[in-house]
Amino acid sequence: MNRRLMKTKAVLFLLLMAGMLVSPTSSAQGRSAASPDSDFESFLLPEIRADHPAIANVDVLLDVGHGGIDSGTVYGDVLEKDINLAIAQKTYETLRKRGYCVLLNRSGDYALSSENLWLRSRSRHVKDLAQRSHLANEVKPKMLLSLHINSARRSGKRGPLIIHQKNEQSKQLAIALQTALNPLYGTTEEPVMMGKKYYILRHTKVPAVIVEMGFLTNAQDRAMLQKQDMQWSIAAKIADGVKQYMSQQQQQQ
């Protein structure tokens, strides 16, 4: 089986899974999946030449951070991957109810690296991240939101943080999301541009941001992130940010 066929099958499998919703599975700190990758591995990415995206007119692709063997940030028995999935599912439902075409790239507790049959790399982490950016570049959504939970050495550090690419559209998306989320946490953070440090931002060709939805190392954020009603509130604020960004884009056209 040639590499192109394997890539196509992997993408089609993910697209099928994107329409399915399942409940998420319910120690020492781990690293974030938004962590920097090795420049050595980046040349292994194939050149994407899709004349026609697999699904057209997708508004939002939700990149659900971590999964499977990769738990992400961990605090006691609280795993980032589970919270990411729970909030992503609620965000998916909220955006769909508001009339947007939305895809999830992970609907259960598994690593996307297992679906990457085309990248010749020994690094599971790189294969996982490459599969995420490859799907975005094939589908060509209006935006990609990569959902994560932050961690810090100082337990007092809290609140959402949006990380964007080095382009104006990604920056505008980040500002819209940060502005929407800040009041929910009672914070006044501003988004930051760190795109070159992060694989998914560097290799995704559509406007993309990393949405750090709070700090697992902060007691207040940790309690908030695990409550169902607050997860729905976070999803609603993310949807508000998407609406604001889409309105800005329409006005600029």
Side-chain angles (χ1 to χ4, degrees), residues 28-48 60-67 69-75 80-81 83-84 87-88 105-106 111-113 116 119 121-137 141 143-154 157-179 181-182 187-218 221 238 241 245:
Q29 286 181 12
R31 57 171 174 75
S32 170
S35 60
D37 66 285
S38 168
D39 287 336
F40 175 75
E41 297 281 3
S42 64
F43 81 96
L44 295 170
L45 269 178
E47 183 179 1
I48 306 301
V60 183
L61 173 57
L62 294 174
D63 172 52
V64 190
H66 306 282
I69 193 173
D70 184 0
S71 298
T73 296
V74 178
Y75 192 95
E80 177 191 351
K81 65 175 183 177
I83 298 175
N84 290 343
I87 296 178
N105 65 3
R106 177 167 75 83
L112 269 65
S113 57
N116 189 328
L119 183 62
S121 173
R122 293 182 179 179
S123 171
R124 177 202 54 76
H125 185 52
V126 170
K127 291 184 73 173
D128 181 271
L129 293 173
Q131 189 72 357
R132 295 169 189 273
S133 59
H134 175 67
L135 178 62
N137 293 334
M143 70 189 77
L144 178 141
L145 310 183
S146 185
L147 305 185
H148 289 273
I149 309 297
N150 224 331
S151 66
R153 292 182 179 179
R154 293 189 298 108
K157 184 71 174 174
R158 69 176 305 261
L161 179 65
I162 316 300
I163 305 168
H164 62 87
Q165 300 161 311
K166 191 178 181 180
N167 65 69
E168 190 59 30
Q169 282 185 306
S170 179
K171 182 179 179 179
Q172 289 179 7
L173 175 59
I175 292 172
L177 289 165
Q178 190 79 63
T179 301
L181 284 165
N182 273 341
T187 56
T188 57
E189 290 289 339
E190 294 183 359
V192 297
M193 195 285 291
M194 300 173 68
K196 287 186 177 181
K197 288 181 61 179
Y198 300 98
Y199 192 107
I200 196 160
L201 296 184
R202 192 164 77 243
H203 292 291
T204 300
K205 297 178 182 178
V206 301
V209 295
I210 294 170
V211 183
E212 297 281 5
M213 301 177 291
F215 285 78
L216 205 58
T217 45
N218 177 268
D221 279 3
I238 291 174
Y245 171 75

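Under the side chain to side chain contact (heavy atoms under 4.5 Å, CB included) criterion, E168 pairs with K171, Q172, sequence neighbours left out. Under the side chain to side chain contact (heavy atoms under 4.5 Å, CB included) criterion, A176 pairs with Q244, Y245, not counting sequence neighbours. Among residues two or more places apart in sequence or in another chain, the side-chain hydrogen bond (donor to acceptor under 3.5 Å, both in side chains) test is passed with T179 by none.
Nearest heavy atoms, A88 versus L62: O-CD1, 3.6 Å. For the pair I175 and P191, the tightest heavy-atom approach, listed with the atom from each and the gap, is CG1-CG, 3.8 Å.
Separating the CZ atom in R132 from the CG atom in L61 is a distance of 10.0 Å, to the nearest 0.5 Å. If you take OH on Y75 and CD1 on I149, they are separated by 15.0 Å, rounding to the nearest 0.5 Å. Rounding to the nearest 0.5 Å places NZ of K205 at 10.5 Å from NE2 of H134. The distance from the OG1 atom of T73 to the NZ atom of K81 is 13.0 Å, given to the nearest 0.5 Å. Distance check: I162 CD1 to N182 CG gives 8.5 Å after rounding to the nearest 0.5 Å. T188 contributes atom OG1, which lies 9.0 Å from atom CD of Q178 (distance to the nearest 0.5 angstrom).
At a threshold of 4.5 Å between non-hydrogen side-chain atoms, the residues D63 and L135 do not count as touching. Taking 4.5 Å as the limit, every side-chain heavy atom of I210 sits out of range of all side-chain heavy atoms of M194. Counting only heavy atoms from C-beta outward, the side chains of I87 and M213 approach each other to under 4.5 Å. Between T204 and N137 the shortest side-chain heavy-atom distance falls below 4.5 Å. At least one side-chain heavy atom of L177 sits under 4.5 Å from a side-chain heavy atom of L145. Looking at V211 and I163, their side chains never come closer than 4.5 Å, going by heavy atoms from C-beta outward. Put simply, the side chain of P160 does not reach to within 4.5 Å of the side chain of E212, judged on heavy atoms.
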**Request:** Go through Q165 and N167 one step at a time and tell me if the side-chain hydrogen bond (donor to acceptor under 3.5 Å, both in side chains) criterion holds.
**Result:** CA-CA 6 Å; Q165 300 161 311; N167 65 69; 3.2 Å; yes

**Asked** What do the steps show when you test H66 against H148 for ring-ring contact (aromatic ring centres under 6.0 Å, His included), and what is the final call?
**Response** CA-CA 8 Å; H66 306 282; H148 289 273; 5.2 Å; yes

**Prompt:** Taking it one step at a time, do V74 and L216 satisfy side chain to side chain contact (heavy atoms under 4.5 Å, CB included)?
**Reply:** CA-CA 8 Å; V74 178; L216 205 58; 5.7 Å; no

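Listed for the D221 side chain is a donor-acceptor partner under 3.5 Å among the backbone atoms of G159. Remark: the backbone N or O of F215 is not paired with any side-chain donor or acceptor of N150 at under 3.5 angstrom. Not one N or O on the side chain of E80 forms a donor-acceptor pair closer than 3.5 Å with the backbone of S71. Not a single donor-acceptor pair under 3.5 Å links the side chain of S170 to the backbone N or O of H164.
Using a 4.0 Å cut-off between charged nitrogen and carboxylate oxygen, K157 and E189 count as a salt-bridge pair.
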